[in-house]
Engineer: 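Here's a structure for you.
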Amino acid sequence: MRHVIIGSGPAGVVAAETLRKADPAAEITLLCGESEPPYSRMAIPYLLKGEIDEAGTHIRKDANHYDRLRITLVQARAQAIDTAGRAVDVGNGRSLPYDRLLIATGSRPSRERIPGIDLPGVQACWTLQDARAIVARARPGTHIVQMGAGFVGCIIMEGLLSRGVDLTILVRSGSMVRRMMNPTASALIQRWCEAKGVKILTRTQPKGLSVNGGALRVDLGEGRTLPADVYLSVVGVDPNLDFLAGSGIEIGQGILVDANLQTSVPGVYAAGDVAESTDCLTGKRQLNAIQPNAVEQGRIAALNMAGRPARFKGSFVFNVLTTLGLVSSSFGEWQGVSGGESAEVLDEPRYRYLNLQFDGDRLIGANCVGFSEHVGALRGLIEGRLRLGAWKQRLLNEPAQIMKAYLSAAYDAA
Ligand SMILES: Cc1cc2nc3c(=O)[nH]c(=O)nc-3n(C[C@H](O)[C@H](O)[C@H](O)COP(=O)(O)OP(=O)(O)OC[C@H]3O[C@@H](n4cnc5c(N)ncnc54)[C@H](O)[C@@H]3O)c2cc1C
């Protein structure tokens, strides 16, 4: 059996390792689209802070790991897939035949459509190569203007400030991390960042970028400009799908997969940031671009490829974010549902906030700032869809009793 995996991020690597365990005799080829050993993007913030070196970002630290497992690494990018002929075109007239194929190509930074976005000094923060470029330019006093304050925009701030840069963040909407936080939580995070010396301009979107001497000028409109040595563009991500044109593989926002993570073409699977699967709570289709999801999907897809049926139970939306040392998290349907109830507790001076969302006597979503000790209990209650019974009313009165509520609900469910 010839297994080909396109993409050597966490989904691809875990899939290759799972395949080797499940199918000792198979041929396994892992296509690496960047000229790097397989690495984890999640480690980049630690690299920016100088807490790890590049080797610390590698998914497996032993250089012989892949040879030992007889996983063949091929440095090339997939250009197209011939699903009828079962082969991946990797350019230069080369193609890789397969019996089972996994697409684990992840996502790439979304591109802002403004004049000047191709100028030198404009930088994304997604790959190891991006991180190298940032480290090379981020010196004490370097003016960095960062467009975007989503998950990645927030998690990299600490690394930037640790290098002594002068940091200004532009936020198109009225609030930071608005895809995972309600306005109260977002305002706390903003105030925390401002107290640490970050300038934040909300409802601000550049009109264009131009060269000004050796630096960039960011045009904010109405005569307002900002100088920038580096313009960091972190405005979200899009799944890597370009090479699928003509393959017959069905695409929505990402690659559509079933509960076995198989695509619309038999024998072709997808996992990780690129796959559009279902949410375990709502049953709705969605992308869920977080590493734990990628790892689990890589494992499940590989078992199916090896002929061992396994079902993905659906992805669970949760994010834990550290912004300049402030831990925040969001879970499930944190925006609430119609007819649902909510409870919250806010301690502004101490940057602590907890918001709970209920549907009947089930907790269905939450936002937390500064309450990192509750992360496990919140996840357990929401993902486990545990009934709270009498604990629901107690939580409406005292949301911070979440750990006791979880222990009681988990005990009743057992
Ligand atoms: C700075 C940063 C911090 C993050 N922090 C967190 C965090 O704290 N928690 C969390 O859960 N997630 C975090 N993430 C997100 C997390 O890294 C992704 O969800 C995860 O990497 C997804 O894994 P993946 O294997 O699906 O895709 P990727 O890791 O993106 O891997 C995809 C691989 O496919 C390759 N590829 C793409 N196209 C082709 C092609 N045509 N041919 C061959 N190869 C190709 C790419 O080069 C890459 O190697 C962070 C991301 C960044 C950038």
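Atoms within each ligand, like the ligands themselves, are counted from 1 in listed order.
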Engineer: Look at atom 14 (N) of ligand 1 and find which of Q79, E36, M42 reaches it with the closest heavy atom.
Structural biologist: M42

Engineer: Applying a 4.0 Å heavy-atom criterion (strictly less than), which segment of D273 is in contact with ligand 1: side chain, backbone, both, or neither?
Structural biologist: both

Engineer: Of the side chain and backbone of A104, name the one, both, or neither that has a heavy atom under 4.0 Å from an atom of ligand 1.
Structural biologist: backbone

Engineer: Identify which of T105, D130, N319 has a heavy atom lying nearest to atom 37 (C) of ligand 1.
Structural biologist: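 Comparing heavy atoms across T105, D130, N319, the nearest one to atom 37 (C) of ligand 1 lies in T105.
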
Engineer: Can an N or O of A11 be found at a distance shorter than 3.5 Å from an N or O of ligand 1?
Structural biologist: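 It does: an N or O of A11 is found under 3.5 Å from an N or O of ligand 1.
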
Engineer: Report the distance from atom CG of L188 to atom OH of Y353, rounding to the nearest 0.5 Å.
Structural biologist: 8.5 Å

Engineer: Side chains of S330 and R179, heavy atoms from C-beta outward: is any pair under 4.5 Å?
Structural biologist: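 Counting from C-beta outward, S330 and R179 never come under 4.5 Å.
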
Engineer: The test is side chain to side chain contact (heavy atoms under 4.5 Å, CB included); show your working for F358 and R362 and say whether it passes.
Structural biologist: CA-CA 6 Å; F358 301 90; R362 287 197 167 96; over 6 Å; no

Engineer: Check whether any N or O atom of A78, backbone or side chain, sits under 3.5 Å from an N or O atom of ligand 1, and answer yes or no.
Structural biologist: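 Yes - when backbone and side-chain N and O of A78 are compared with those of ligand 1, one distance drops under 3.5 Å.
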
Engineer: Atom 53 (C) of ligand 1: which protein heavy atom is closest, and how many Å away?
Structural biologist: W126 CE3, 3.0 Å

Engineer: Checking a contact table here: which protein heavy atom is nearest atom 3 (C) of ligand 1, and how many Å away?
Structural biologist: R41 O, 3.8 Å

Engineer: Rounded to the nearest 0.5 Å, how far apart are CE of M147 and CG of L209?
Structural biologist: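 Result: 10.5 Å between the selected atoms.
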
Engineer: I need the atoms of ligand 1 closer than 4.0 Å to a non-hydrogen atom of P292, numbered in the order shown.
Structural biologist: 11 (O)

Engineer: In ligand 1, which numbered atoms sit nearer than 4.0 Å to a non-hydrogen atom of G272?
Structural biologist: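 Within the 4.0 Å cut-off of G272, ligand 1 contributes 26 (O).
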
Engineer: How about F151 and N319: do any of their side-chain heavy atoms sit closer than 4.5 Å?
Structural biologist: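 Touching, per the 4.5 Å side-chain cut-off.
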
Engineer: Report the nearest protein non-hydrogen atom to atom 31 (O) of ligand 1: residue, atom name, distance rounded to 0.1 Å.
Structural biologist: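 The closest heavy atom on the protein side is G9 CA, 3.4 Å.
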
Engineer: Report the C-alpha distance between D242 and R108 in whole Å, list the side-chain angles of each, state the deciding distance to 0.1 Å, and finish with yes or no for salt bridge (charged side-chain N to carboxylate O under 4.0 Å, His left out).
Structural biologist: CA-CA 11 Å; D242 298 353; R108 59 163 186 269; 3.6 Å; yes

Engineer: Which atoms of ligand 1 sit under 4.0 Å from any heavy atom of I6?
Structural biologist: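 Close to I6: 42 (N), 43 (C).
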
Engineer: So, the side chain of T127 versus the backbone of D130: is there a donor-acceptor pair under 3.5 Å, distance only?
Structural biologist: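 At least one qualifying donor-acceptor pair exists.
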
Engineer: CZ/F312 to CG/N293 distance, rounded to the nearest 0.5 angstrom?
Structural biologist: 4.5 Å

Engineer: Out of A80, G106, A294, P10, who is nearest to atom 29 (O) of ligand 1 when you count heavy atoms only?
Structural biologist: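 Ranked by closest heavy atom to atom 29 (O) of ligand 1, first place is P10.
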
Engineer: Side chains of Q190 and S175: do they bring a donor and an acceptor to under 3.5 Å?
Structural biologist: no

Engineer: Are D166 and K199 within salt-bridge range, i.e. N to O under 4.0 Å?
Structural biologist: yes

Engineer: Relative to ligand 1, is S40 under 4.0 angstrom through side chain, backbone, both or neither, heavy atoms considered?
Structural biologist: neither

Engineer: Answer yes or no: is there a donor N or O on one side and an acceptor on the other, between the side chain of R352 and the main chain of D347, under 3.5 Å?
Structural biologist: no

Engineer: Would you say N182 and Q335 make side-chain contact, with heavy atoms under 4.5 Å?
Structural biologist: no

Engineer: Number the atoms of ligand 1 from 1 as they appear, then name those within less than 4.0 Å of a heavy atom of F151, with their elements.
Structural biologist: 5 (N), 6 (C), 7 (C), 8 (O)

Engineer: Rounded to the nearest 0.5 Å, what separation is found between the CG atom of L167 and the CG atom of L161?
Structural biologist: 5.5 Å

Engineer: With a 4.0 Å cut-off, would you call K313 and E296 a salt bridge?
Structural biologist: no

Engineer: Would you say A76 contacts ligand 1, with heavy atoms under 4.0 Å as the rule?
Structural biologist: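 Heavy atoms of A76 do come under 4.0 Å of ligand 1.
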
Engineer: Identify, for atom 15 (C) of ligand 1, the protein heavy atom at the shortest distance, and state residue, atom and that distance.
Structural biologist: A289 O, 4.1 Å

Engineer: Work out whether the distance between some heavy atom of Y39 and some atom of ligand 1 is less than 4.0 Å.
Structural biologist: no

Engineer: Polar contacts were defined as any N/O atom of the residue lying under 3.5 Å from an N/O atom of the ligand; does this apply to R77 and ligand 1?
Structural biologist: yes

Engineer: Does I155 approach ligand 1 within less than 4.0 angstrom via side chain, backbone, both or neither, non-hydrogen atoms only?
Structural biologist: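 The part of I155 near ligand 1 is the side chain, not the backbone.
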
Engineer: Report the nearest protein non-hydrogen atom to atom 10 (C) of ligand 1: residue, atom name, distance rounded to 0.1 Å.
Structural biologist: Q291 N, 3.5 Å

Engineer: Report the nearest protein non-hydrogen atom to atom 46 (C) of ligand 1: residue, atom name, distance rounded to 0.1 Å.
Structural biologist: E34 OE2, 3.4 Å

Engineer: How far is atom 34 (O) of ligand 1 from the closest protein heavy atom, and which atom is that?
Structural biologist: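 The closest one turns out to be G7 CA, 3.2 Å.
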
